[in-house]
There are 2 protein chains.
Amino acid sequence: MRDSSGKTPIWKAIADALRSDLAEGRYSPGDKLPTEAALADRFGVNRHTVRHGIAALVDDGLVRTRRGAGAFVAATPTDYPIGNRVRFHENLIAAGRRPEKRILALDERAATQGEAKALQVPTGAPVCAYHGLSLADGQPIAIFESLFPLDRIAGITAALRDTSSVTEALRVAGIADYTRTSTRLTAVRATATQALHLQVTEGDPLLRSSGVNTGQFGQPVEYGRTWFVGDRVTLTLET
Amino acid sequence: MRDSSGKTPIWKAIADALRSDLAEGRYSPGDKLPTEAALADRFGVNRHTVRHGIAALVDDGLVRTRRGAGAFVAATPTDYPIGNRVRFHENLIAAGRRPEKRILALDERAATQGEAKALQVPTGAPVCAYHGLSLADGQPIAIFESLFPLDRIAGITAALRDTSSVTEALRVAGIADYTRTSTRLTAVRATATQALHLQVTEGDPLLRSSGVNTGQFGQPVEYGRTWFVGDRVTLTLET
DNA sequence: TGGTAAGATATGTATAGTTGTATAGTAAAT
DNA sequence: ATTTACTATACAACTATACATATCTTACCA
């Protein structure tokens with residue numbers, strides 16, 4: 001790697017070396033790469049030169065870095081710019097209630113003004129807040145937050161803890177049938193905390209879906225919001 | 001160059017998130033906040049980063065912590081800015097075919113590979129490209145591009161020049177009835193030229209809707225894409 | 001009923017390690 | 001002379017882990 005005909009920059013040689021390591025399967029998706037200091041020792045260069053090489057991999061989408069933690073092999077070593085976006089052929093009605101979930105928070109609290117309005121309950125009424133992360137093939141697809149009015153659905157919190165399926169939990173809690181009244185869609189920027197969970201960069205475009213599900217007599221039983229990663233998800237509306 | 005993290009410090013983002021929770025009334029004075037560990041899970045960060053955020057709230061006098069007990073709300077912020085509200089609503093079915101249009105370009109050219117695939121014509125087949133801008137109250141709402149296969153619809157270009165209404169133009173061109181097969185939605189960044197037309201900043205989140213309209217015998221007669229400004233539009237899906 | 005001890009929980013503190021950023025400097029190529 | 005590639009150093013921000021200390025909960029016993 002030292003003065004090899006002086007043509008290729010050192011950082012590019014390092015990037016290529018790491019790239020071939022990835023191609024050989026030496027590291028699996030999610031694995032942590034050696035630290036910058038270790039790589040600097042191994043290649044006999046300055047840490048910044050290694051950083052330059054890693055930055056190239058990050059730019060290619062092969063690697064994700066996290067301050068204080070390390071550099072990790074990205075979930076999808078092969079970039080699917082267009083083809084695989086459509087893999088999430090989910091019906092909009094099912095938005096956010098598919099398998100492969102990770103519960104981030106599940107608690108009971110008082111409804112804020114906006115939430116109360118959507119659920120048609122008085123402000124401050126007790127609600128169950130279900131906050132989580134949806135993944136596909138280990139890759140974050142969306143984060144969601146569902147709110148259930150505890151006045152109408154009593155045991156929903158415990159039910160959600162068991163099943164982690166909204167449909168199932170509602171059924172256990174006594175809501176056999178429910179329908180989505182309307183869905184609203186818009187595009188927003190990822191906040192810093194959203195970006196952390198979704199493993200994107202702050203400010204990246206997200207597709208926000210919000211809607212209310214109502215029970216048999218038109219009473220709201222769930223107010224749900226979902227933020228999809230624009231790069232990874234295309235919602236398909238069947239007519 | 002391109003790093004994987006945003007600009008706002010994570011601890012500050014967490015502090016802001018908690019602050020807005022307080023402002024929205026999720027927690028009342030005297031209430032106990034979630035534990036540091038729970039918040040660390042929720043935000044996907046280390047416990048110390050959460051502590052840093054909470055420390056900021058303690059410093060502001062909003063929160064009081066007691067070792068071994070938890071963090072409790074001391075006061076609620078009064079001057080926390082609430083996010084800007086959505087000002088316009090559009091029906092998804094009417095996406096891109098509302099009055100108040102401004103034609104940006106109307107010409108005939110060869111279809112690209114992706115466009116040809118959507119229209120089910122050979123690559124390079126002649127199409128009519130209808131490019132325009134939708135406004136409401138003088139403010140740009142969306143830009144759209146509709147493509148019509150000239151092999152199937154001959155006089156569409158001239159018809160569009162007269163009416164500027166897609167439905168009307170198709171009727172004039174001999175397509176009396178057409179239906180939208182499916183609509184696909186995702187979020188993208190505004191390109192420089194899109195940003196210019198829409199009077200937003202490059203990189204702002206846009207809601208992209210794409211779909212195909214098919215004629216009486218299932219033949220695609222139009223491939224349309226619309227980019228809505230996320231800040232100004234919420235699509236509402238009626239069920 | 002009431003008190004106490006044990007264990008689980010939760011915050012506080014300490015230390016070390018890792019990535020991100022900023023600044024300055026050196027050598028070689030253009 | 002300016003740019004480019006790399007080195008060198010220092011510090012900031014976040015992570016990881018361990019442990020101390022205060023509080024709450026529960027069970028047990030008198």
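In what follows, every chain begins at residue 1, and chains take the letters A, B, ... in the order their sequences are listed. Source: prediction; values computed, not measured. Side-chain atoms are counted along with the backbone in the values below, which use heavy atoms only and exclude waters and symmetry mates.
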Open item on the list: Run the side-chain contact (heavy atoms from CB on, under 4.5 Å) test on B:L133 and B:L198 for me, step by step, so that the C-alpha distance in whole Å, both residues' side-chain angles and the decisive distance to 0.1 Å come before the verdict.
Closed with: CA-CA 8 Å; B:L133 187 65; B:L198 294 171; 3.9 Å; yes
Open item on the list: Looking at B:H48 and D:dA13, is any side-chain donor or acceptor paired with a base atom of the opposite kind under 3.5 Å?
Closed with: no
Open item on the list: Does anything in residues 61-72 of chain B come within less than 4.0 Å of DNA chain D? Heavy atoms only, and list the residues if so.
Closed with: B:R66, B:R67, B:G68, B:A69
TODO: Report yes if the side chains of B:T186 and A:F228 come closer than 4.5 Å at any heavy-atom pair, otherwise no.
DONE: no
Identify all side-chain donor-acceptor contacts of residues 24-32 of chain A below 3.5 Å with residues at least two apart in sequence or on another chain.
unit_1: A:D31; atom_1: OD2; unit_2: A:S28; atom_2: N; d: 3.0

TODO: Compare side-chain N and O positions of A:W11 against OP1 and OP2 of D:dA5 and report whether any pair is under 4.0 Å apart.
DONE: no
- [ ] Examine C:dT19: is either OP1 or OP2 under 4.0 Å from a nitrogen or oxygen in the side chain of A:R47? Give yes or no.
- [x] no
Task: Rounded interatomic separation in angstrom, taking CG from B:L39 and P from C:dT11 - done: 8 Å
TODO: Output, in order, the C-alpha distance, side-chain angles, deciding distance and verdict of side-chain contact (heavy atoms from CB on, under 4.5 Å) for A:F148 and A:L160.
DONE: CA-CA 11 Å; A:F148 306 88; A:L160 279 171; 3.5 Å; yes
Donor-acceptor contacts under 3.5 Å from residues 64-74 of chain B side chains, at least two apart:
none

Task: Salt-bridge contact B:R109-B:E145 (side-chain N to carboxylate O under 4.0 Å) - done: yes
Open item on the list: By nearest atom, which of the nucleotides D:dC6, C:dA10, D:dC14 is closest to the B:P9 side chain?
Closed with: D:dC14
Task: Whole-Å distance separating the CD1 atom of A:I10 from the P atom of D:dA5 - done: 11 Å
- [ ] Indicate whether OP1 or OP2 belonging to D:dT7 is found under 4.0 Å from a side-chain N or O atom of A:T49.
- [x] yes
- [ ] Find the distance B:K12:NZ to D:dA13:P and express it as a whole number of Å.
- [x] 9 Å
